[in-house]
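Hydrogens, waters and symmetry mates are skipped; everything else that's a heavy atom, side chains included, is used. Everything numeric in this text was worked out from a predicted model, so none of it was measured.
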Amino acid sequence: MTVSEQVQSSCKYTQSPSDAASCGSLEHPCSSQGRSWGRVLTAPTHGHRARWLPTGTEINVCSMTTPYRQPLPVFARTLQPWGSRALLPRTSQRPGMEAGDGAEETPLPLELSRFQLSEEYGFLLPHPLTELPAPYSPWMEIAHDLPQLIASHRLRSRVHQMPQLSTRHLQGREELHLAHLVLSFITMGYLWQEGEEGTVKVLPQNLAVPFWEVSQALGLPPILSHADFVLANWRRKNPNRPLEIENLDTIISLPGGESLRGFILVTLLVEKAAVPGIKAIVQAIRAILQQDEETLHKALQELAGAIGDMSEALKQMHDYVDPAVFYAVIRIFLSGWKDNPAMPDGLIYEGVSDQPMAYSGGSAAQSTVLHAFDEFLGIRHSEESTTFLHRMRDYMPPPHRAFVEEIHCAPSLKQHVLSSGDARLCAAFNQCVSALADLRSYHITIVTKYITVAAAKAKAEQAELGNRAGPSTGKPLSALESKGTGGSHIFCFLKSVRDTTREGMISA
């Protein structure tokens with residue numbers, strides 16, 4: 001049997017979501033079991049804090065939680081406790097080992113590569129693949145034709161004709177991420193092709209099973225998330241030119257044309273602008289551990305500047321995204337089936353479970369950047385907002401979640417600044433918090449323009465058309481009028497997190 005024939009052979013998922021005690025029947029390239037030499041940080045999932053396991057603990061690299069069981073290829077890793085050992089040179093040995101015994105190096109605290117972060121691209125997937133291997137061409141052909149298939153109402157019939165492909169031949173993180181991107185876009189088109197009044201209750205097995213398996217391998221939920229929509233959905237037109245919007249394009253698209261392209265790529269540029277701030281956090285934590293106030297001050301200035309650059313990048317939304325197109329065309333395809341009145345019962349993933357599952361749609365709250373900044377600056381949000389934000393962490397790649405959790409476990413920046421009595425550090429800290437509050441205020445301005453004002457205009461146009469317009473020509477999305485696509489009560493949430501950010505400043 002050829003590889004192509006093996007890929008197209010029928011595959012049956014052998015585990016139910018409730019079978020939380022094992023993950024052996026699914027192959028994925030990163031699962032492993034082993035003994036740690038240091039302390040091991042377990043996965044923070046579904047609102048629970050990570051916990052430290054003692055030295056020598058046997059661990060199985062797999063989550064034991066529902067609604068989806070996620071292999072965690074990067075969560076179970078040896079992490080050094082915060083403190084003096086973290087300051088040892090990289091050639092420090094395990095206890096009882098002499099130099100030259102082949103001892104592993106002790107990683108520096110928050111070394112970016114340990115969390116699949118890039119010095120150049122931050123949380124963005126560096127150089128994403130744009131094509132899957134030939135056996136997966138049935139997926140790619142549909143994905144590249146999504147806007148036309150949805151506009152002509154032919155996507156569902158094409159999906160029904162699609163062969164069920166095995167995922168076992170997908171190799172490496174890049175192929176898995178592209179497969180997740182492709183399958184998530186096809187899923188969103190399939191669900192929302194006929195608008196919020198024409199949803200379906202079942203995702204067919206030939207789409208649901210491979211999507212579930214790829215999601216398991218990556219530790220992501222089986223729905224379109226920020227990690228797909230933005231972090232893994234970009235390419236340079238000219239590889240020798242810089243990362244600017246004129247030199248960028250998306251890999252996979254949905255209805256919305258140039259406005260969708262602009263929405264994705266402007267958001268990508270906001271992520272890119274955050275990169276110096278991510279590196280500044282690493283430098284600042286090391287400076288705190290080393291009592292290096294000069295380096296800490298410089299790092300805080302870098303962080304404040306990066307947050308300001310994120311606000312500047314976000315302003316490009318006005319130039320590239322039409323509010324009417326975003327509200328009436330694009331937004332529905334980002335919607336999930338949790339806390340969404342259009343799909344109150346969730347979605348059945350055929351061949352995976354007979355019971356419906358509920359997942360939130362894409363949301364800016366799924367971006368790891370602001371979670372990292374909040375943890376580093378010690379911002380404490382309301383209980384309701386915190387619950388929502390922690391739920392959104394389940395939609396991040398596991399290494400990125402682990403990065404946020406390790407920042408949480410680091411020495412408190414705010415307490416260090418307060419105890420230092422250093423006026424320069426206090427001013428630099430407040431500059432960071434102020435820049436973050438300003439960014440959140442500007443996000444509210446964007447949301448007002450692209451949702452509130454656009455919704456009012458869409459309603460007015462609908463009244464004039466006498467209820468004849470379809471969902472792609474301006475019909476208001478009643479299920480999403482007051483909520484974000486992630487399921488939050490959008491303005492209450494955004495104003496709350498902005499206000500609690502401001503409250504994080506240090507009083508004079």
Side-chain angles (χ1 to χ4, degrees), residues 112-113 116-134 136-137 139-149 170-186 189 224-279 302 305-306 308-322 325-326 329-330 333-334 362 364 367-369 397 400 446:
L112 294 182
S113 61
Q116 295 181 2
L117 294 176
S118 161
E119 291 277 344
E120 183 177 359
Y121 298 104
F123 293 106
L124 298 173
L125 184 66
H127 315 296
L129 296 180
T130 58
E131 291 290 340
L132 288 172
Y136 297 97
S137 59
W139 293 352
M140 296 304 302
E141 288 169 6
I142 292 176
H144 286 314
D145 201 25
L146 278 175
Q148 294 76 21
L149 289 172
L170 292 168
Q171 308 247 339
R173 182 165 68 106
E174 288 76 13
E175 286 189 8
L176 286 168
H177 272 295
L178 179 55
H180 201 273
L181 169 66
V182 165
L183 295 172
S184 65
F185 267 62
I186 294 174
L224 177 68
S225 68
H226 181 80
D228 307 299
F229 191 64
V230 176
L231 303 185
N233 190 23
W234 66 278
R235 65 177 182 86
R236 275 188 170 99
K237 295 177 181 177
N238 183 337
N240 299 317
R241 290 183 55 201
L243 210 69
E244 298 172 346
I245 200 162
E246 292 79 10
N247 189 41
L248 290 170
D249 207 350
T250 58
I251 298 171
I252 309 296
S253 191
L254 284 164
E258 285 301 303
S259 285
L260 178 72
R261 174 182 172 275
F263 181 65
I264 294 171
L265 297 180
V266 169
T267 308
L268 179 145
L269 293 177
V270 174
E271 289 275 348
K272 180 66 167 63
V275 174
I278 297 166
K279 293 192 286 188
E302 288 280 343
D309 290 342
M310 291 169 68
S311 293
E312 288 300 312
L314 186 57
K315 291 178 182 178
Q316 295 180 78
M317 200 70 74
H318 302 291
D319 300 324
Y320 293 99
V321 184
D322 183 327
V325 175
F326 174 79
V329 181
I330 297 170
F333 292 102
L334 308 181
S367 170
T368 313
V369 169
H400 299 176
I446 293 287

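- With sequence neighbours left out, Glu246 forms a side chain to side chain donor-acceptor pair (under 3.5 Å) with Tyr320.
- Nearest heavy atom pair, residue Pro128 against residue Ile251, reads CB-CD1, 3.9 Å.
- For the atom pair NE2 (His127) and CG (Leu124), the distance works out to 11.0 Å, reported to the nearest 0.5 Å.
- Ile252 contributes atom CD1, which lies 9.0 Å from atom OG1 of Thr130 (distance to the nearest 0.5 angstrom).
- A search for salt bridge (charged side-chain N to carboxylate O under 4.0 Å, His left out) contacts involving Arg241 returns nothing, not counting sequence neighbours.
- Residues Val325 and Gly256 approach most closely at CG1-O, 3.8 Å, considering heavy atoms.
- The line from CG of Leu254 to CD1 of Ile186 is 10.0 Å long, rounded to the nearest 0.5 Å.
- Across all their heavy atoms, Leu224 and Phe185 have their closest contact at CD1-CE1, 3.3 Å.
- For residues 229-239, the set of pairs meeting the salt bridge (Lys or Arg N to Asp or Glu O under 4.0 Å) definition, not counting sequence neighbours, comprises Arg235-Asp249.
- Not counting sequence neighbours, the partners of Pro147 by the side-chain contact (heavy atoms from CB on, under 4.5 Å) test are Ser253.
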Using residues 260-273 as the side-chain source, report each donor-acceptor pair under 3.5 Å to any protein atom, sequence neighbours left out, with the distance given to one decimal.
unit_1, atom_1, unit_2, atom_2, d
Arg261, NH2, Ile245, O, 2.9
Arg261, NH2, Leu248, O, 2.7
Thr267, OG1, Phe263, O, 2.7
Glu271, OE2, His226, NE2, 2.7
Glu271, OE2, Ser367, OG, 2.6

Which atom pairs, one a donor and one an acceptor, fall under 3.5 Å between side chains of residues 309-317 and the rest of the protein, sequence neighbours left out?
unit_1, atom_1, unit_2, atom_2, d
Glu312, OE2, Lys315, NZ, 2.9

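- Using a 30° and 60° split on the angle between ring planes, Trp234 and Tyr121 fall in the tilted class, from 30° to 60°.
- Under the side-chain contact (heavy atoms from CB on, under 4.5 Å) criterion, Leu129 pairs with Glu174, Glu175, Leu178, not counting sequence neighbours.
- Nearest heavy atom pair, residue Ala274 against residue Val369, reads CB-CG1, 3.7 Å.
- Applying the side chain to side chain donor-acceptor pair (under 3.5 Å) test to Glu119 and every residue at least two apart in sequence or in another chain returns nothing.
- With Asn247 contributing its side chain and Pro242 its backbone, the two residues share a donor-acceptor pair below 3.5 Å.
- Nearest heavy-atom pair across Phe333 and Val329 is CD1-O, 3.2 Å.
- Atom CG of residue Leu125 and atom CG of residue Leu231 lie 8.0 Å apart, to the nearest 0.5 angstrom.
- Qualifying side chain to side chain donor-acceptor pair (under 3.5 Å) partners for Asp228, counting only residues two or more places apart in sequence or in other chains: His180, Ser225.
- Every side chain to side chain donor-acceptor pair (under 3.5 Å) that His144 has, sequence neighbours left out, goes to Glu131.
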